[in-house]
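Inspection log for the structure reproduced underneath, given as structure tokens.
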Amino acid sequence: MSAPTFHDSGAVDLQSRDVPPRVAHQLEQAGLPPLLARLYAARGVRDPIELDDALAHLLPPDSMLNATAAARLLADALQQDLSLCIVADYDCDGATACAVALRGLRMLGARPERLHHVVPDRSVHGYGLTPAIVDLARARQPDLLITVDNGIASLSGVDHARQLGLSVLVTDHHLPGETLPEANVIVNPNQPGCGFASKHLAGVGVMFYVLLALRSELRARGVFDQRNQPRLDALLDLVALGTVADVVRLDANNRRLVSQGLRRIRSGRMQPGVAALFEVAGRDPAQATAQDFGFALGPRINAAGRLSDMTLGIECLITDDATRARELAAQLDGINRERRTVEDGMREQAQRLLQALEPPTAREGGPHEAAVSPAGAPSGSPPAALALHHPSFHEGVVGIVAGRLKERLHRPVFVFATGQDGLLKGSGRSIEGFHLRDALDLISKRHPDILVRFGGHAMAAGCTLQPMALDTFRTALEGVAGEWLDPSTLARRLRTDGALPADGWRVEVAELLQSQVWGQGFEAPLFCEPVEVLQQRVVGEKHLKLRVRPVQTPAGPVRDAIWFNRVDPVPDSVRLAFRLDVNEWQGRREVQMVVVACG
């Protein structure tokens with residue numbers, strides 16, 4: 001995809017994070033290396049205990065509203081040998097949550113023949129516990145439906161299930177609407193009245209907590225004691241994968257879950273499917289990082305739900321047969337390659353749609369200084385929010401494309417595809433300062449007839465429209481963005497960690513940084529330095545390879561740098577924002593800068 005005309009030079013406002021010196025000193029005195037102490041202090045860590053990943057420091061399950069009630073419901077079901085059916089979701093969080101539920105319930109006493117699961121087909125059933133999914137699950141003759149990563153908005157589906165005589169346990173993490181479903185029990189840290197301190201648990205994290213509560217309940221009933229109870233930490237590789245892949249905020253509790261999962265994987269203790277996914281991705285589990293979950297394993301699981309059937313992804317995660325796991329991982333890898341091809345085509349088409357939005361004066365290169373776009377942005381900029389649709393768009397990939405465009409243009413973006421039912425299925429991604437689900441809620445109040453359904457989070461949401469409502473939705477979305485966003489919010493900014501210390505240009509430092517848990521809300525280190533560009537050339541037809549010398553340490557070594565997916569040259573003197581990486585080539589391991597912006 002060629003770079004959009006709309007102000008996509010790569011130049012951004014690079015701002016340094018504040019580092020409280022006293023806090024950094026305290027962290028250093030607690031034993032952290034100076035660089036890590038500085039990085040953690042800049043990310044809000046105030047006490048070394050926040051960095052202790054011991055499971056004993058996890059928030060207690062009984063602090064989550066209804067976790068104990070869910071445990072009693074499940075304990076009764078196990079003791080009565082009831083048939084249970086997991087209602088999953090078609091993304092990586094939903095797949096890992098389903099796998100955690102199936103594996104965990106078996107560990108806690110459920111007979112395999114009394115455990116079932118169903119997964120919605122994105123294009124046929126839509127999202128969540130719909131009446132159609134209830135009917136699909138009913139074919140398994142369950143007594144209890146357990147939703148994972150969905151259900152909080154499934155009013156009609158829960159009602160349908162209850163009318164059929166089924167019990168329903170909802171486990172979810174999405175933001176609830178004004179009305180909650182009439183389930184037997186709802187466990188969701190974001191529901192009203194829940195005092196659980198971590199509101200950012202992924203769906204897989206919620207299900208893991210329900211299992212912890214269930215194990216405690218079974219201990220109280222004398223089924224287990226502390227010595228013979230199942231080790232639920234064996235599921236933490238799946239919890240970590242789903243947590244990172246769902247891009248939830250990595251608060252201290254989530255970081256502990258991810259860190260413990262990584263610790264298990266690095267020591268070789270993981271599900272066969274997780275090991276197989278590392279293998280097909282060409283990653284070494286002994287050196288596993290959170291980035292592997294987000295950029296290697298997660299996309300392969302997600303690809304099944306986007307283009308095929310998430311049953312493949314779930315089976316890969318629940319099989320104990322290593323050979324079968326490799327076969328399924330290979331299938332998922334192939335589907336992911338197909339997903340990339342589909343995505344590339346959609347991005348090219350989106351580029352053409354963006355060019356059609358550009359003011360004629362900008363396209364013709366004429367003067368346009370006086371023209372103004374929504375929210376006060378200068379002409380030549382995109383609107384304050386975008387909603388794109390094309391008949392060729394694939395429903396399973398709209399979220400990825402929306403995310404790519406959001407990153408490039410720094411605007412809230414919705415991308416719509418036409419579903420099999422003729423409705424427009426949209427996925428949106430947002431920027432700081434624009435709560436996407438709240439925006440959809442406001443649009444639904446101002447235009448009650450255009451949104452068939454919607455839901456999601458602050459940064460990611462989905463909605464369904466009637467085809468004729470697209471123009472109204474686009475205008476409404478731009479209107480809300482014009483009210484909520486201003487030019488300073490729409491300006492592209494990156495927070496950086498300043499210059500890399502003089503002794504930081506070492507493989508050991510890069511590996512130390514990569515071994516830490518970074519992610520959403522706890523961003524990986526991003527350094528920023530003025531450099532002199534000595535050489536630059538395009539490699540692989542789409543990446544800019546650089547040789548640079550830091551201005552602040554001109555006597556230091558010349559550094560290698562790569563800017564992926566950029567071909568335009570940079571000035572000879574420029575400030576670069578970059579991550580530290582280790583490049584392996586012909587048996588040699590060398591440090592390189594991975595450039596993400598210039599300013």
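Quick caveat, the model's predicted, so the values are computed rather than measured.
Side-chain contact, Q514 with D581: a donor N or O sits under 3.5 Å from an acceptor N or O. For the 3.5 Å distance criterion, the side chains of T311 and H117 fail to qualify, holding no donor opposite an acceptor. No side-chain donor from either of D344 and T341 sits under 3.5 Å from a side-chain acceptor of the other.
For W484, the ring pair (Phe, Tyr, Trp, His ring centres under 6.0 Å) criterion is met by F434, not counting sequence neighbours. Annotation: side chain to side chain contact (heavy atoms under 4.5 Å, CB included) contacts of R575 (sequence neighbours excluded): L14, C528, P530. Annotation: side chain to side chain contact (heavy atoms under 4.5 Å, CB included) contacts of D251 (sequence neighbours excluded): S198, H200, N253, N254. Applying the side chain to side chain contact (heavy atoms under 4.5 Å, CB included) rule to A88 yields the partners C98, V119, V148, I314; only residues at least two apart in sequence or on another chain are considered. With sequence neighbours excluded, no residue satisfies salt bridge (Lys or Arg N to Asp or Glu O under 4.0 Å) with R579.
Taking the six-membered ring where tryptophan is involved, the planes of F393 and H390 are tilted, since the angle between them lies from 30° to 60°. Between H457 and H173, the ring-plane angle classifies as tilted under the 30° and 60° cut-offs.
Looking only at side-chain heavy atoms (C-beta outward), E315 and R324 come within less than 4.5 Å of each other. Residues F578 and E529 have side chains in contact (heavy-atom distance under 4.5 Å, counting atoms from C-beta outward). Using a 4.5 Å heavy-atom threshold, the side chains of Y127 and T464 count as separate.
Ion pair D13/R492 not flagged as a salt bridge, since none of the NZ, NE, NH1 or NH2 atoms sits closer than 4.0 Å to an Asp/Glu carboxylate oxygen.
Applying the salt bridge (Lys or Arg N to Asp or Glu O under 4.0 Å) definition to pairs two or more places apart or across chains, none involves residues 87-96.
The CG atom of L576 sits 10.5 Å away from atom CZ of R559, with the distance rounded to the nearest 0.5 Å.
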